[in-house]
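Positions are given from 1, in the same order as the sequence printed here. Counting starts at 1 for both ligands and their atoms, following the listed order.
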Amino acid sequence: MEIKQSLNLKYFLGVLLLLNMFAFSMANKTIPSSINWVITEAKYARLCSTKKILTVNGLFPGPPLYVHKGDRVIVNVRNQAKYNITIHWHGVKQPRNPWSDGPEYVTQCPIKPGASFSYHIIFSTEEGTLWWHAHSDWSRATVHGPIIVYPKFGTTYPFPKPYAEFPIVLASWFKGDVMEIIQTALETGAEPNKSDAFTINGQPGDLYNCSKQGTFRILFDYGKTYLLRIINSIMNEEVFFMVAHHNLRVVGMDGAYVKPFKTNYIMITPGQAMDVLITANQSPSHYYMAARAYAGVVYDNTTTTAIVQYSGNYTAPSTPLFPNLPNYTDINAATNFTKRLRALASKEHPIDVPKSFNTELFMTISVGTRPCGDTSCSGPNGTRLAASLTNISYEQPEVDILQAYYRKIKGIYTQDFPSKPHYVFNYTADELPDNVLTPTRGTKVKVLKYNSNVQIVFQGTNVLSSAENHPMHLHGFSFYVVGSGFGNFDKKTDPKGFNLVDPPELNTVGVPKNGWAVIRFKADNPGVWFMHCHLERHTSWGMDMVFIVKNGTTKATSLLQAPPYLNPC
Ligand SMILES: *[C@@H]1O[C@H](CO)[C@@H](O)[C@H](O)[C@H]1NC(C)=O
Ligand SMILES: *[C@@H]1O[C@H](CO)[C@@H](O)[C@H](O)[C@H]1NC(C)=O
Ligand SMILES: *[C@@H]1O[C@H](CO)[C@@H](O)[C@H](O)[C@H]1NC(C)=O
Ligand SMILES: *[C@@H]1O[C@H](CO)[C@@H](O)[C@H](O)[C@H]1NC(C)=O
Ligand SMILES: *[C@@H]1O[C@H](CO)[C@@H](O)[C@H](O)[C@H]1NC(C)=O
Ligand SMILES: *[C@@H]1O[C@H](CO)[C@@H](O)[C@H](O)[C@H]1NC(C)=O
Ligand SMILES: *[C@@H]1O[C@H](CO)[C@@H](O)[C@H](O)[C@H]1NC(C)=O
Ligand SMILES: *[C@@H]1O[C@H](CO)[C@@H](O)[C@H](O)[C@H]1NC(C)=O
Ligand SMILES: *[C@@H]1O[C@H](CO)[C@@H](O)[C@H](O)[C@H]1NC(C)=O
Ligand SMILES: *[C@@H]1O[C@H](CO)[C@@H](O)[C@H](O)[C@H]1NC(C)=O
Ligand SMILES: *[C@@H]1O[C@H](CO)[C@@H](O)[C@H](O)[C@H]1NC(C)=O
Ligand SMILES: [Cu+2]
């Protein structure tokens with residue numbers, strides 16, 4: 001409701017100023033729309049039972065945020081539930097404004113039950129599909145929704161305008177209480193419970209008990225082309241997604257356009273969003289769209305479905321036609337897909353990949369263990385699971401790092417996040433010695449000079465023989481994925497294969513299982529920015545770190561002043 005009002009407000013302003021295009025675009029830029037969200041618990045029935053889940057405005061998935069490129073929006077969040085909460089605007093760069101980025105104890109203290117916070121969301125270069133989600137404990141399981149960024153008024157898509165569009169939000173459903181699941185796992189040191197289902201727009205679909213009735217459906221008119229805005233907000237699994245008998249045409253990813261390519265499936269990691277065109281050119285019938293895991297180590301192996309149903313008069317099959325999804329462990333299928341992603345890099349949508357770099361981080365990614373203390377834990381050999389980046393397992397501080405940085409509060413973090421591992425080993429060997437299992441704990445940040453050109457080599461490891469694909473997500477920036485491969489990164493030969501012409505511009509990159517990925521970005525956004533694996537259990541185990549990007553030399557290249565109200569810790 002509130003969203004419609006804000007669009008109406010913009011429309012009203014537009015009509016008022018229609019004769020003056022300059023003023024119109026100014027009005028569009030400088031008068032922010034304001035939306036009110038309430039965090040509440042609401043009852044939802046899935047998989048034959050009913051339970052209460054945390055929501056925004058009682059909705060699962062949550063309300064979409066519709067904006068145009070370059071807009072500003074204020075979202076007033078009131079917390080009427082019993083948990084601390086924060087909201088993150090995933091993929092929105094928020095130039096100079098980490099104050100509204102959201103990760104708890106990184107850029108803000110949580111919004112406690114009964115409290116409120118106003119997020120000032122500054123859109124800049126993003127165009128396409130992004131999403132928002134809670135960023136405290138595991139509350140994002142149900143507190144998430146799409147962000148749809150339309151082209152600026154007077155401009156259009158770099159592809160024929162679709163007839164209609166549908167957000168396709170993929171999520172996890174747990175029969176138990178998610179907050180209890182992660183709390184128990186952190187106490188015992190063991191793997192958290194797997195989810196019991198995946199959902200498409202809130203519905204598990206026909207393959208689950210008691211779920212047939214609610215299955216999400218899309219109506220297709222023969223000959224028309226539709227835009228699917230596919231968002232992976234699943235907690236712990238990457239997935240393959242397909243629509244039976246139909247080709248997909250990928251045109252955008254993570255709020256930027258890509259060179260269109262045709263495929264019959266996609267592989268999408270938690271944190272990523274894809275814009276996909278689909279043309280209704282098959283025999284009028286009923287078809288399943290389906291998603292299931294691309295294997296990790298421990299995963300939910302169920303399949304979620306929705307139905308594409310052609311309009312018209314025909315005899316539908318008793319069950320819709322089913323897609324032939326790639327197998328859970330099909331690395332070739334995953335790699336073949338991601339290797340095809342290239343930035344559109346057109347005159348209207350140029351890219352700006354750093355051709356060289358002056359700051360480099362070589363970051364190992366591991367899941368290991370740490371000692372339990374006096375008692376025995378339920379992790380491997382009585383230890384507890386611990387994850388790390390460059391052997392540092394992130395420890396959440398008690399005051400957010402942004403506030404500590406801004407107010408110069410001592411003792412909250414240290415500035416010694418290592419630029420490379422202290423100990424070099426064969427990261428992807430089949431067998432690894434026990435001395436690489438246990439990381440150091442700490443709240444360490446890496447300070448970046450304003451405007452430095454940064455290269456990060458993400459190196460997956462086989463520590464604990466638990467190699468899997470890690471979707472690494474950076475706040476405050478998009479980055480270019482200039483290369484990726486299997487085994488250990490070779491700094492002599494691998495850079496020769498880098499794509500510096502049209503690398504995809506993403507905010508979340510899937511670092512291949514027992515492999516590496518290299519990203520580049522310009523550190524032109526002063527502030528405090530979180531970077532972490534988007535598999536939620538890895539985040540909880542410490543697969544996180546923080547960048548501080550220093551002020552530039554002018555006011556216009558410096559952090560914005562703190563807003564008048566900040567939630568206290
Ligand atoms: C986690 O799974 C175990 C074993 O299936 C079950 O007994 C327990 O109730 C689950 N925990 C929650 C919080 O759902
Ligand atoms: C569905 O319910 C039946 C009967 O209660 C049970 O045997 C079966 O395992 C359930 N299937 C799933 C996928 O939960
Ligand atoms: C999914 O995993 C369960 C064990 O967790 C197993 O019993 C079942 O056969 C698996 N299903 C598929 C389709 O692989
Ligand atoms: C659908 O087609 C059948 C067979 O051609 C015809 O008998 C029926 O009247 C049609 N129904 C509608 C609603 O047009
Ligand atoms: C998937 O695995 C099954 C069983 O291992 C195999 O029969 C099938 O050919 C595989 N499909 C693909 C597409 O690789
Ligand atoms: C991946 O691509 C290779 C080379 O083009 C091809 O041989 C293979 O069949 C593809 N595999 C899948 C699962 O698409
Ligand atoms: C568990 O203990 C065995 C025997 O001491 C050892 O070989 C193995 O590496 C240990 N695994 C872990 C994960 O600590
Ligand atoms: C590292 O381990 C892999 C897997 O066992 C092996 O193929 C490779 O040769 C090893 N590399 C080095 C430099 O020892
Ligand atoms: C990680 O740090 C711990 C504690 O300082 C150390 O014992 C271990 O050897 C380090 N591991 C690696 C791979 O550097
Ligand atoms: C950065 O610039 C802002 C705005 O000029 C200023 O308030 C702040 O003190 C500067 N330094 C830090 C560390 O935030
Ligand atoms: C909620 O946040 C406050 C402020 O940081 C903190 O003191 C409290 O422990 C948090 N509560 C929970 C349940 O995490
Ligand atoms: Cu991970």
Backbone, side chain, both or neither: what part of E398 comes under 4.0 angstrom of ligand 11, heavy atoms only?
-> neither
Report the relative orientation of the aromatic rings in Y44 and F60; use parallel for angles under 30°, tilted for 30 to 60°, perpendicular for over 60°.
-> perpendicular
With no hydrogens and no angle check, do the side chains of H532 and H475 hold a donor and an acceptor under 3.5 Å apart?
-> yes
Heavy-atom pair with the smallest gap, counting every atom of I200 and A306 = CD1-N, 3.8 Å
Using distance alone, with no hydrogens and no angle criterion, decide if Y405 and Q415 have a side-chain donor and acceptor under 3.5 Å apart.
-> no
Does the Y119 side chain pair with the main chain of I87, one donor and one acceptor, at a distance under 3.5 Å?
-> yes
Can a non-hydrogen atom of Y105 be found less than 4.0 Å from any atom of ligand 11?
-> yes
Any N/O of D137 closer than 3.5 Å to an N/O of ligand 11?
-> no
All heavy atoms of N301 vs all of Y328, minimum pair found to be O-OH, 2.7 Å
Sole residue of E536, H133, H88 in side chain to side chain donor-acceptor pair (under 3.5 Å) with R140 = E536
A student checking ligand 11 against K112 at a 4.0 Å heavy-atom cut-off should list atoms 3 (C), 4 (C)
Non-hydrogen atom of P110 closer than 4.0 Å to ligand 11 | yes
For ligand 3, output the ligand-protein N/O contacts shorter than 3.5 angstrom; if there are none, return none.
| residue | atom | partner | partner atom | Å |
| --- | --- | --- | --- | --- |
| ligand 3 | 2 (O) | N301 | ND2 | 2.3 |
| ligand 3 | 5 (O) | K194 | NZ | 3.4 |
| ligand 3 | 11 (N) | N301 | ND2 | 2.9 |
| ligand 3 | 14 (O) | N301 | ND2 | 3.3 |

Side chain to side chain donor-acceptor pair (under 3.5 Å): pairs with one or both residues in residues 46-56, sequence neighbours excluded = T40-T55
